[in-house]
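Have a look at the structure below before the remarks.
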Amino acid sequence: MSEFNKITFRKSLIEWYLEEKRNLPWRETSDPYKIWVSEIMLQQTRVDTVIPYYNRFIDAFPSMEELASADEEKLLKQWEGLGYYSRARNLQAGVREVVENYNSVVPQTREEISTLKGVGPYTAGAILSIAYGRPEHAVDGNVMRVLSRVLLIKEDIAKPKTRKIFEQAVSEIIDVQDPSSFNQGLMELGAVICTPTSPKCLLCPVRENCSAFFAGEQNDLPIKTKNKKTKALHYDIYVAQNEHKQFLMEKRPETGLLANMYQFPMIEHALKEMDTILLLQERYAIHFSKEIDLGTFKHVFSHLTWEMNCFVGHAVGESQLDTCKWLTIEEIKEVPMPVPMLKIWKAYIERGN
DNA sequence: AAGTCGGGGGT
DNA sequence: ACCCCAGACTT
């Protein structure tokens, strides 16, 4: 047994981080805007997933002014496939706020930066420490896992209130000389050494300061209660083409799941008391004649599952609903679609004609 | 405090 | 299957 020593902990962690850190695109800039973009993309999203999105996004919107003036459809197209699309809208709202009311300078205090849309306790601390070198805590899932082991904290990390315990712990042990490397070191350690299962303790730079390692409890931490399972929803999806080789697509509502993303007409099985052909006439003002059965598709979200039966056919009728558009193949490439619709569209294209 | 909000990869 | 991910927002 040995007591936790914050001096050697900081030194070991930061030296390891500076020596072993991965080369990531957002680590090659000190631009607070770019750090901000990376932190929003990294919310609940793995590094390897984010890298290509980050590079394309910075290429499309190199400065806050260019993101501020972008139209939402172009913004969502950049975010397409990354998920949690309100992140993109909130990021743009926050950037507009900074451009208009902060003279295009990202705020440097937790109080001010936390007022920006989409910037919560973690992201505020991450931007302040990484971009500005401020000694602010940035507690994410990695940090809670690492510190639950290092400090043998057995609170349930699934409970919102538990995060405050870790924020307090970080505040007490953070290195004020290099808060950026300290915070990023904790997260890097969680990502590559102190992993959820099979932590690589023999390679860990702070093993000598880890209470769980000495107690042999690293595999039993962190404590986290389970989440309940997801519900399944069943839909029929219609790839409907008119005589001008255009396809009917509708824009989802501006709030809720996949807000403002485009989809093919879809009808829930729960509404099956009416004939689906009649429902298509009612809801989409078309007469649809089914010609091809594209098969079944399944898509799992965090809290629900879509099971979809997909059909291709021709549509008669000039649907002029304001939520719907007839789009050519080329135009479909320009609108933002969620992954389930991308999968269906890909299957249709690869099937030919 | 609990539910909503994507999608992918690991085990 | 289930878990987790550089979480935030709404109710």
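We name chains A, B, ... by the order of the sequence lines, and we start the count at 1 in each one.
Each of V47(A) and S114(A) was matched to the nucleotide of DNA chain C holding its nearest heavy atom; the match closer to the 5' end belongs to V47(A).
When the side-chain nitrogen and oxygen atoms of T123(A) are compared with OP1 and OP2 of dA8(C), one or more of them lie within a distance under 4.0 Å. Checking the phosphate oxygens (OP1, OP2) of dC5(C), a side-chain nitrogen or oxygen of R145(A) falls inside 4.0 Å.
Contacts of S86(A) with the nucleic acid, taken as non-hydrogen atoms under 4.0 Å apart, are absent. R27(A) comes within 4.0 angstrom of a base, heavy atoms only. G256(A) comes within contact range of the sugar-phosphate backbone alone, with a heavy-atom separation under 4.0 Å but no base atom that close. Nucleic acid contact class of R252(A) (heavy atoms, under 4.0 Å, all strands): none. The residue P340(A) sits close only to the backbone: its heavy atoms come under 4.0 Å of sugar-phosphate atoms, none of a base. Contacts of T49(A) with the nucleic acid, taken as non-hydrogen atoms under 4.0 Å apart, are absent. Using a 4.0 Å heavy-atom criterion, one finds that L258(A) contacts the sugar-phosphate atoms exclusively. Within 4.0 Å of Y84(A), counting heavy atoms only, lies at least one base atom of the nucleic acid.
R10(A) and Q177(A) form no side-chain donor-acceptor contact under 3.5 Å, judged by distance and modelled atom types alone. Between the side chains of D236(A) and H269(A), at least one donor N or O sits under 3.5 Å from an acceptor N or O. Between the side chains of Q281(A) and H287(A), at least one donor N or O sits under 3.5 Å from an acceptor N or O.
Remark: the separation of the P atoms in dA6(C) and dC5(B) is 23 Å, to the nearest Å. dA8(C) and dG8(B) have their P atoms separated by 22 Å, with the value rounded to a whole Å.
Ionic pairing of R163(A) and E167(A) is present here: one or more N-O contacts between side-chain nitrogen and carboxylate oxygen are shorter than 4.0 angstrom. Salt bridge E97(A)/K117(A): absent, no basic N to carboxylate O contact under 4.0 Å. Ion pairing between a basic and an acidic side chain is recognised when a charged N comes within 4.0 Å of a carboxylate O; K346(A) and E350(A) show such pairing. Salt bridge E28(A)/K21(A): absent, no basic N to carboxylate O contact under 4.0 Å.
Along DNA chain B, read 5' to 3', the first and last nucleotides having any atom under 4.0 Å from a heavy atom of chain A are dA1(B) to dT11(B).
With pairs defined as Watson-Crick or G-U wobble and both atom distances under 3.5 Å, the stems of at least three pairs that touch DNA chain B come out as B:1-5 with C:7-11, B:7-11 with C:1-5.
Grouped by direct or indirect side-chain proximity (heavy atoms under 4.5 Å, Ile/Leu/Val/Met/Phe/Trp/Tyr only), I130(A) sits with I35(A).
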Report the C-alpha separation of F247(A) and W345(A) in whole Å, then their side-chain angles, then the decisive distance to 0.1 Å, and conclude whether the ring pair (Phe, Tyr, Trp, His ring centres under 6.0 Å) test is met. CA-CA 11 Å; F247(A) 297 84; W345(A) 184 240; 5.1 Å; yes
